[in-house]
Q: 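Structure in structure tokens, see below.
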Amino acid sequence: MKADKKIIAAIIIVAFLLMLLNIVSSAYAGEEAVKKAMEKYDIHHYEEGIALLKKEIDARSGDDLVLPYFILGRFYLKEAGLYRAIYETSLMTTNEYLIKLNGSKSGKKSRYIPYFLGLLHLEMGQPKKAAAYLQQFINSNPPDERFREKARLRLGMAYYLMGEKKKGEDYWRGVSAKDEEIIAEKGYILARLNTGLKDALEMAQNAINISQKSGRKDIQLYRNAAYVYYKNDMADAALELLDKMPSDEAVFVDNMERNKVIKFYDPSTIGDISAIYYYAAGKYFNRVMNLRGRERYEDLIRYYLGEVSYGLGRYDAAIDEINNFVKLSKRDARYNERARVLLGACYYKKGDKKKAEEIWNDVLNKNPQDAGIISELMDTYAELKVADPAILKRMEEKDSSSSRDEKLAKPFYMSLGRLYYNKKDYERSVQTLELARDKGNKNKLETNDPVFLIRLADGYYRLKKYSESLEIFFGIGKVYPIVRQIQDTIQGVYSAEEKGSGEARIN
């Protein structure tokens with residue numbers, strides 16, 4: 001009997017030890033998974049890190065999700081900023097590409113140029129110009145019925161933005177929404193205009209159901225539906241669609257004639273993806289705030305939520321978040337100064353430039369020798385295209401002293417290079433940015449921040465050094481294939497200029 005009790009006790013002890021070992025092993029495996037994800041963050045492979053974190057999140061529950069949720073929020077915030085930079089460059093190159101195509105006097109023109117010029121001007125906030133191009137496209141009686149219907153929908157959007165809402169709605173009603181692409185397009189336009197969001201959601205879900213039955217994966221359809229989900233506060237559904245989206249495909253390929261193929265892209269796609277990523281970052285940060293163990297990250301999350309709101313154009317919300325951070329944060333004082341730089345940017349975006357400049361001047365006067373904070377301020381000036389010769393002069397004076405410290409040198413030169421770019425001094429911009437580049441791995445994301453590489457490529461593009469610019473985007477494209485849109489448009493501009501000068505075209 002005693003022997004049986006000893007055996008039972010031994011079994012219980014062994015079972016307990018095995019359970020304890022399993023808990024420890026699981027915890028260790030979880031730590032390793034998070035560590036591997038952070039390694040991807042450090043080398044700027046954000047999408048790979050996100051995939052690793054999502055697997056870890058599926059294996060956890062409750063308060064154990066605090067750390068992976070927090071890190072996932074940081075990943076999406078970083079990726080949102082990257083896509084915003086890609087979007088800004090794509091607008092510039094797409095604009096010049098379409099201008100070249102439209103102004104060409106040799107050979108046959110694509111009939112679809114006016115349609116995509118219409119999309120571009122809508123994205124650039126010029127609905128009147130957009131309407132003229134879209135009407136031109138419709139009047140040309142294009143052979144593809146779907147594009148004709150999409151043009152009518154976009155024309156309605158243009159009139160709606162011009163204040164002629166009834167006229168816009170009349171155009172929408174005149175479009176027969178039977179094809180899944182048209183259904184998704186109509187839902188997307190409603191979501192972009194923040195009207196009829198429930199109707200837009202029904203359209204998006206209907207379009208996705210039809211596409212799943214047909215097996216089609218259309219880049220615009222997936223983007224359109226994802227955007228509608230985002231506007232209806234459905235973060236996971238929006239992200240799931242973006243993961244399935246073939247991001248490197250053109251919206252339309254016009255096989256004009258033998259050996260002449262023209263690729264067209266929707267200029268709003270990358271900007272919409274950026275907005276969805278900002279939104280996703282905010283959702284994951286807020287999930288952390290609802291769990292025990294959030295205290296370790298709470299003040300940083302307030303700051304990050306300020307960045308999220310700023311990225312989404314919600315400047316009043318950003319101001320509230322930043323003020324709360326400054327008031328409650330126990331972090332190093334530098335965090336407060338960085339937050340105040342962002343606070344100034346919010347006021348600037350709201351049109352209160354005087355308030356913004358007061359905040360920035362105070363930050364600068366309190367931190368005259370802090371190269372990190374000065375760089376943060378200069379990046380903000382560059383982003384907002386704030387012209388201040390005194391700031392540039394101070395940066396140039398600080399040049400020699402900052403270059404002695406390698407850790408300070410890179411962000412310093414990145415900021416100074418962007419200021420030269422804003423002055424349209426592209427030669428000095430490229431020269432300065434090159435000082436921050438890893439010379440041994442010049443186009444690799446593992447050692448160069450991708451946003452920095454985009455800025456450098458922009459400078460080379462402005463100098464008409466297209467090969468150098470394309471080489472950088474080729475490197476970025478190995479990890480982020482969506483930059484194919486920029487590669488194709490730069491290639492098109494390059495080819496048009498080479499052909500116009502009588503030189504051979506590149507292939």
Side-chain angles (χ1 to χ4, degrees), residues 19-20 22-42 46 49-81 233-236 239 276-312 314-346 359 363 366-367 370 372-373 376:
M19 182 183 71
L20 188 62
N22 185 53
I23 292 171
V24 171
S25 298
S26 297
Y28 178 73
E31 287 177 6
E32 279 297 297
V34 172
K35 183 181 175 183
K36 285 180 180 178
M38 285 307 298
E39 287 172 359
K40 298 295 183 183
Y41 186 93
D42 292 337
Y46 306 130
I50 286 169
L52 289 171
L53 280 171
K54 285 189 173 178
K55 284 183 181 179
E56 182 58 25
I57 284 169
D58 289 341
R60 297 193 186 198
S61 61
D63 298 331
D64 287 339
L65 290 165
V66 167
L67 180 59
Y69 275 167
F70 174 70
I71 296 174
L72 192 56
R74 288 180 61 192
F75 265 102
Y76 276 121
L77 184 57
K78 202 73 173 175
E79 196 163 41
D233 198 29
M234 298 168 63
D236 295 330
L239 293 172
I276 293 169
Y277 286 155
Y278 273 118
Y279 160 76
K283 295 299 289 186
Y284 282 108
F285 288 137
N286 279 312
R287 286 177 188 178
V288 175
M289 297 295 271
N290 292 321
L291 298 172
R292 285 183 300 175
R294 67 180 183 276
E295 295 78 14
R296 185 177 176 184
Y297 311 105
E298 198 165 349
D299 51 353
L300 272 180
I301 286 175
R302 286 194 185 93
Y303 175 76
Y304 289 143
L305 285 173
E307 286 194 339
V308 167
S309 293
Y310 179 79
L312 291 172
R314 300 169 183 170
Y315 304 119
D316 288 327
I319 288 169
D320 290 341
E321 294 288 356
I322 295 163
N323 283 330
N324 283 334
F325 170 79
V326 172
K327 182 181 178 181
L328 301 171
S329 175
K330 297 176 183 177
R331 300 274 164 178
D332 187 287
R334 283 189 175 187
Y335 280 95
N336 284 5
E337 296 300 270
R338 287 181 178 179
R340 292 178 67 220
V341 172
L342 183 60
L343 184 65
C346 292
I359 294 170
V363 170
K366 287 181 178 178
N367 305 275
D370 192 317
I373 290 174
E376 192 86 21

Q: With a 4.5 Å heavy-atom cut-off, do I276 and Y76 have their side chains touching?
A: no
Q: Enter the distance from I57:CD1 to L67:CG here, rounded to the nearest 0.5 Å.
A: 9.5 Å
Q: Taking 4.0 angstrom as the limit, do E337 and R334 come out as a salt bridge?
A: no
Q: To the nearest 0.5 Å, tell me how far L65 CG sits from L291 CG.
A: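 These two atoms lie 6.5 Å from each other.
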Q: So which atom in G293 and which in V66 form the shortest heavy-atom distance, rounded to 0.1 Å?
A: O-CG1, 3.7 Å
Q: Please name the pair of heavy atoms, one in C346 and one in I322, separated by the smallest distance, quoted to 0.1 Å.
A: SG-CD1, 4.0 Å
Q: Rounded to the nearest 0.5 Å, how far apart are CD1 of I319 and CG of N324?
A: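 That separation rounds to 12.0 Å.
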Q: List the atom of A235, the atom of K283, and the distance in Å for their closest heavy-atom pair.
A: CB-CG, 3.8 Å
Q: Would you check, one step at a time, whether the test side chain to side chain contact (heavy atoms under 4.5 Å, CB included) holds for K54 with L239?
A: CA-CA 12 Å; K54 285 189 173 178; L239 293 172; 4.1 Å; yes
Q: Among F325, Y297, F285, Y278, exactly one meets ring pair (Phe, Tyr, Trp, His ring centres under 6.0 Å) together with Y304. Which residue is that?
A: F285
Q: To the closest 0.5 Å, what do you measure between NZ (K55) and CD1 (I50)?
A: 14.0 Å
Q: Roughly how far, to the nearest 0.5 Å, is the CG atom of D320 from the CZ atom of R314?
A: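 It comes to 13.5 Å.
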Q: Work out which heavy atom in A317 is nearest to a heavy atom in S309; give both atom names and the distance.
A: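 Between these two residues, the closest heavy atoms are CB-OG, 3.8 Å.
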Q: Looking at every non-hydrogen atom in both residues, tell me the closest pair between L52 and K40 and how far apart they are.
A: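 The answer is CD1-CG, 4.0 Å.
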Q: Show every salt bridge (charged side-chain N to carboxylate O under 4.0 Å, His left out) that has at least one partner inside residues 284-297, sequence neighbours left out.
A: D63-R292, D236-R287, R294-E298
Q: Taking D370 for the side chain and I373 for the main chain, is one N or O donor matched with an acceptor at less than 3.5 Å?
A: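 A pair under 3.5 Å: yes.
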Q: What are the two closest heavy atoms between V326 and A339, and how far apart are they?
A: CG2-CB, 4.0 Å
Q: Does a side-chain heavy-atom distance below 4.5 Å link Y279 with V308?
A: no
Q: Can you confirm if the aromatic rings of F70 and Y284 lie within a centre distance of less than 6.0 Å?
A: no
Q: Let me confirm one number: the CD1-CG distance from I359 to L343, rounded to the nearest 0.5 Å.
A: 4.0 Å
Q: Decide whether a cation-pi geometry holds between R74 and Y41; the criteria are a distance under 6.0 Å from NZ or CZ to the six-membered ring centre and an angle within 45° of the ring axis.
A: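 Yes, a cation-pi geometry.
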